[in-house]
Structure formats: structure tokens, C-alpha cells
Amino acid sequence: MVVYIGFLAIFLFFAATLYDDGFLTQRNLTNIVLQTAPATIMAIGLVFALSAGEIDLSFGSIVAVAALSAAVAMQSFGLAVGVIAGLGAGVAIGALNGVLVAYLKLPSFLVTLATMGLFAGIARSMTDLRSIPVMNETFTGLFGSGKLFSIPSLVIWTVIGIGIGHLVYRHTKFGAHVLATGDNPRAAQVSGISVARVRFYVLTICGGCAGLAGLLYAGRLQAAKYTLGESDLMTVIAAVIVGGTLLNGGKGSVIGALVGSLMMGMLNNGLILMNLKVSDQMIVRGLIILLAVAVSLRDANR
Amino acid sequence: MTAEAEVLSLKNIHMAFGGVVAIQDFSLDLRAGEIVALVGDNGAGKSTLIKIVSGVYTPTSGTIRLGGETTSFADASSARSKGIEVVYQDLALADQQPVYMNMFLGRELTKPPFGLLDKARMRQESQTLVDELDVRIPSASSTIRDLSGGQRQGIAIARATHWASKLILLDEPTAALGVAETARVEELIANLKAKNLAILIISHSLDQVFKLSDRICVLRRGEQIGIRETAKTDKNEIVSMITGVA
Ligand SMILES: Nc1ncnc2c1ncn2[C@@H]1O[C@H](COP(=O)(O)OP(=O)(O)OP(=O)(O)O)[C@@H](O)[C@H]1O
Ligand SMILES: [Mg+2]
């Protein structure tokens with residue numbers, strides 16, 4: 001699959017050109033994995049949504065609302081309530097998208113375009129644009145800088161997320177129904193699959209994943225702000241498409257999305273180490289994503 | 001020999017959509033091991049009738065008996081659970097999934113203890129099934145979109161045979177196929193008789209109808225014009241029944 005070749009090509013390129021700048025150090029490589037953890041979790045949700053023939057554009061805004069909800073709730077009520085508030089906000093917004101798409105039969109592109117704007121606004125007004133510190137050390141350990149048997153918690157979250165996502169996607173009835181729904185909704189329906197329920201669930205899963213991603217951001221940065229998740233939309237969609245998931249549904253890969261996401265992380269990291277100006281970074285990244293997506297789609301349509 | 005057993009019995013079926021009468025006073029008995037062809041011009045009500053028998057529509061009035069017992073179907077799933085399978089004109093296959101996932105679409109096999117998909121068994125049972133019916137495909141793991149139209153229709157028919165215990169409904173199963181592929185699918189359908197299922201087939205091709213069916217039932221604008229034994233009629237009679245021109 002193209003994503004592995006692309007991953008390898010970018011890796012080798014940076015390894016050669018940025019060797020002296022420390023690209024290959026264990027610390028830098030670990031850092032890439034840690035930085036991509038939230039995007040990888042979002043990507044898992046998006047694989048489900050795209051595979052079912054839907055899309056979620058709102059996950060970036062959900063990340064911000066979830067992180068802020070967790071941070072604010074934690075200040076007054078402690079760890080457990082904070083975590084529940086963060087995840088709950090994600091699931092609830094995802095479920096709202098789901099109801100609008102599955103039961104009111106509105107197109108997910110338009111619904112989530114609207115909720116993207118709506119919840120970006122809500123995130124801004126929640127704390128008047130202020131950043132909320134996250135002091136709870138259990139929380140920052142659990143979702144950020146902590147370690148278990150010397151494995152960073154963000155790596156553990158990534159592995160758990162990918163593991164569960166892959167298992168559900170490839171090896172359960174639900175996963176099969178998601179693929180069938182995206183592939184041919186009429187065939188799925190006449191085969192007794194509840195297409196509406198599948199659509200509701202994939203968007204809810206997307207919201208839940210974005211909620212978890214919000215907690216991971218808040219844990220790593222030890223603060224929550226309305227800007228969290230703001231710039232992830234393009235990266236995550238690109239990671240998922242490059243990873244072999246079709247935009248039109250019916251086919252995809254959770255493992256591919258992980259590799260795609262790491263590839264995007266590596267790209268960001270390498271461009272920074274190359275000392276490019278931010279504007280140049282954006283241009284180069286955009287061009288490389290365009291190339292990667294074009295190659296993946298050509299490959300998928302053959 | 002149970003070949004004479006009545007599988008499906010429709011009596012005085014009426015179906016109206018608002019003011020439009022799609023079917024009026026339709027009655028038909030189907031026996032096991034028998035192929036009945038349903039013919040009529042466009043809009044005659046053939047598909048509507050199939051949808052009534054497959055549980056998609058509930059008739060305005062009339063009775064449906066299945067294996068001697070009066071039944072009604074809440075929806076397509078309930079008809080399916082009673083042993084009725086439909087092969088749709090537009091296939092109803094998921095193109096990007098493998099053959100075996102389509103064979104078990106909506107009825108996937110799982111294994112204990114976690115209820116995960118049992119892909120190995122689905123693959124193997126699908127392979128047995130296509131081999132048995134002589135549907136020639138590369139393998140049960142092939143992706144549907146890599147197959148020809150005839151192979152796809154073969155999969156759809158194999159799926160129906162696998163799940164049907166009583167009755168298979170075919171709505172123009174060869175409408176989209178070429179000559180050779182049509183012949184293959186016709187062969188498949190003829191072989192289904194040996195399985196002692198009742199088969200109701202809609203077709204616009206009188207050649208096909210005469211080749212396959214035991215009886216022919218003619219509809220014209222929702223009205224049942226008559227039923228003929230295929231061996232005792234000819235194309236001229238059927239054509240004039242369809243068109244109403246003597
Ligand atoms: N859902 C519906 N609502 C209203 N009218 C309908 C509906 N379904 C079918 N009809 C009408 O019932 C009549 C019979 O339609 P049907 O699809 O059964 O015809 P058909 O014999 O299958 O035709 P064809 O050979 O073109 O497939 C037509 O007049 C059609 O317009
Ligand atoms: Mg029809």
C-alpha cells in the first residue's frame with residue numbers, strides 16, 4: 001500500500017538530510033509519536049465515519065469544547081468529573097451530529113460544517129478566549145506526561161485506540177455493517193442492517209474520539225484553550241485518506257490511518273527541524289499532502 | 001415426494017398507493033420445485049407483487065398463506081426469517097466487499113467467546129456454495145467489483161439459495177446481462193428446481209420465460225389476466241394476454 005512507501009520515503013529523506021539536526025534520535029522519534037497521539041485518535045473515528053459514507057468536519061471544534069469542559073469541570077469537581085465532562089461533551093456533540101444525519105436525514109457534510117462553526121464559537125465563549133490551566137497531576141499523568149512500565153501514556157493511548165479500533169472495524173458485525181452501509185446503503189438496508197443506526201453510531205464514535213483527543217491535548221499541554229484541534233482538520237483527513245480509507249465509503253483501514261498520521265507527524269517535525277519559515281512549512285506540507293492524496297486515490301481506484 | 005406441496009398461496013390480493021390501484025384481485029398458488037413466471041408490460045404491477053410477498057409492502061387487502069398458514073410480514077426482515085429470499089434487479093451487493101461478506105451480509109457468522117466475525121467459516125461456506133451451484137468465480141475472497149455482471153448475479157442467486165428455505169423471488173435477474181452470461185444465470189435458475197424451492201421470476205424475455213417456467217401468470221395494469229401452463233400455451237397467446245390485443 002502507498003502509505004507504507006510514502007512513510008518510508010519521508011522517513012529516509014529526513015533521516016539522511018536531518019541526521020545532524022537530530023531527527024533520528026530516540027528522543028525526537030518518541031516526540032513525533034507523542035505529538036501525533038491526539039490526531040491518531042481523531043483519525044480512528046474518522047475512518048469509521050468515512051467508511052460508512054459520512055464525514056465529520058466538526059471534530060476539531062469538539063476537541064476544543066471537550067478539553068475546555070474537562071479543564072473547567074476539574075477545577076471545581078476533580079479528576080473523575082473532569083474526565084467524564086470531557087468525554088461526555090465529545091460523545092454528546094457526536095450524537096447530535098448523528099441524530100441530525102441519521103434520523104433527520106441531513107447530509108453529514110453540511111451538518112458537521114455547521115456544528116464545526118457552532119462549537120468553535122461555543123469554545124471561544126466558554127472561557128472568554130482564556131486558557132484554563134490543568135493542575136491535576138493524576139490527569140496530566142494519565143493523559144499526558146505519565147508513564148507505565150516506562151512506556152509514555154500517550155503511546156499507550158495510541159496503541160489501545162488503534163487496537164480497539166482495528167478489532168471493531170475488521171472483526172465485528174458492527175464493522176462489517178459500517179462497511180456495507182458505506183458501500184451500498186440500499187443493499188445493507190434490504191439485508192436487514194439498520195443503516196440509520198450505523199450512521200448515528202459512526203458520528204457518535206467520531207465525537208467520542210475527538211473528546212478523548214481533547215483530553216490528551218489538555219494532559220500534554222497542561223492547559224485547555226479554544227485553539228486546540230483548530231489546525232487538525234486537514235492533517236487528520238489527509239492521514240486517513242493516505243492510509244487507504246475511501247472518501248466515499250465502503251473501504252478503509254485503521255492501521256493505515258495510524259501510519260498516515262505518523263507520516264503527517266514526521267512531516268511536521270522534519271519541516272520544523274529544517275528551519276523553514278512557518279509560511280513555507282505550510283506551503284510544503286500542503287503540496288506534499290496533495291501529492292500523497294493524489295497517489296493514494298489513484299492506487300485505490302485501480 | 002413433496003413437490004406438490006403448496007408453498008405460497010396468495011388470495012384476492014389488492015394493493016393501492018393512495019388513489020392508484022397497483023394490484024387488483026390477484027390469486028396464485030406456488031408449489032415446491034416449481035418455477036412460475038410473472039409477465040406483463042411496464043407498470044403492470046409485477047415488482048409491486050414481489051414486494052408484497054417479500055414484506056416490503058403490506059397489501060391493502062387479501063390473504064397470504066405460507067406453507068398452509070396465514071401470515072403477514074411486518075417488514076422485509078420478517079419475510080426473510082420465514083424463508084423467503086429476493087434477488088433484486090439491481091443486485092443489492094456491496095461492491096467493495098469480498099464475496100463471502102456479501103453472502104452473509106446482515107447475517108454474519110460469529111464465533112465464541114467474544115462474538116468476533118468467523119471469517120474463515122464464512123469464506124469456506126461461501127466457497128462450498130458457489131462450487132455446488134457452479135458459479136465460476138476466482139475465489140470466495142474475490143472482491144465483488146472485480147467480477148463480471150453474470151458472476152455477480154450468480155453470487156446474488158447463490159446467496160438467495162443459501163438462505164431461502166421456501167421461496168425465491170427473482171425480479172428481472174438477467175436484465176443487465178449479455179447473451180452468454182444470461183445463459184449461465186438461466187442454467188443456475190433451472191438448477192434451483194432440484195432444491196425443491198418454489199421460484200417466482202419476473203422477466204420481459206418471453207424466450208427466457210418459455211425456457212424456464214412451468215407456468216406463466218400474466219398481469220395487465222394491475223389486473224390478473226390469467227395463468228397458463230407453459231407446455232400448453234405459446235408466445236402468441238401470452239403476447240395477446242399481455243397487450244390485450246387479440
Ligand atoms: N411506492 C409507490 N407509490 C405509488 N405508486 C407506485 C409505487 N410503486 C409502484 N407504484 C405504481 O404501481 C404500478 C405498478 O408498478 P410496478 O413497479 O409494480 O410495475 P412493474 O410491473 O414492475 O413494471 P416494470 O416492468 O417497469 O418493472 C405503477 O403504476 C407504479 O407507478
Ligand atoms: Mg419492475
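Residue numbering restarts at 1 for every chain, and letters A, B, ... go by the order of the sequence lines. Since the structure is predicted, the reported quantities are computational estimates derived from the model, not experimental observations. Values reported hereafter were calculated over all heavy atoms of this structure, with side chains retained and with hydrogens, waters and symmetry mates removed.
- With chain B as partner, the option from A:Leu167, A:Thr172, A:Ile193 having the largest number of non-hydrogen pairs under 4.5 angstrom is A:Thr172.
- Distance OH/B:Tyr88 to CZ/A:Arg186: 6.5 Å, rounded to 0.5 Å.
- In terms of heavy atoms, B:Leu117 sits closest to A:Ala176 at CD1-CB, 4.3 Å.
- A donor-acceptor pair under 3.5 Å is absent between the side-chain atoms of A:Lys173 and the main chain of B:Gly115, judged by distance alone.
- B:Glu108 contributes atom CD, which lies 8.5 Å from atom OG of A:Ser191 (distance to the nearest 0.5 angstrom).
- One distance of note links NZ of A:Lys251 with OG1 of B:Thr143; it measures 7.5 Å at 0.5 Å rounding.
- Side-chain N or O atoms of B:Gln97 include one that pairs as donor or acceptor with a backbone N or O of A:Gly250 at under 3.5 Å.
- Heavy-atom contacts from other residues, nucleotides or ligands closer than 6.0 Å to CZ of A:Arg285 number more than 12.
- More than 12 heavy atoms of other residues, nucleotides or ligands lie within 6.0 Å of CZ in B:Phe73, so this atom counts as buried by the packing criterion.
- Contact record, B:Leu93 with A:Ala187: N-CB, 3.9 Å, taken as the closest heavy-atom pair.
- Interatomic distance, CG of A:Asp183 versus CG of B:Asn102, reported as 7.5 Å (0.5 Å rounding).
- Contact between A:Gly249 and B:Gln96 at its shortest, heavy atoms only, is O-NE2, 3.2 Å.
- B:Phe17 CZ: more than 12 foreign heavy atoms inside a 6.0 Å radius.
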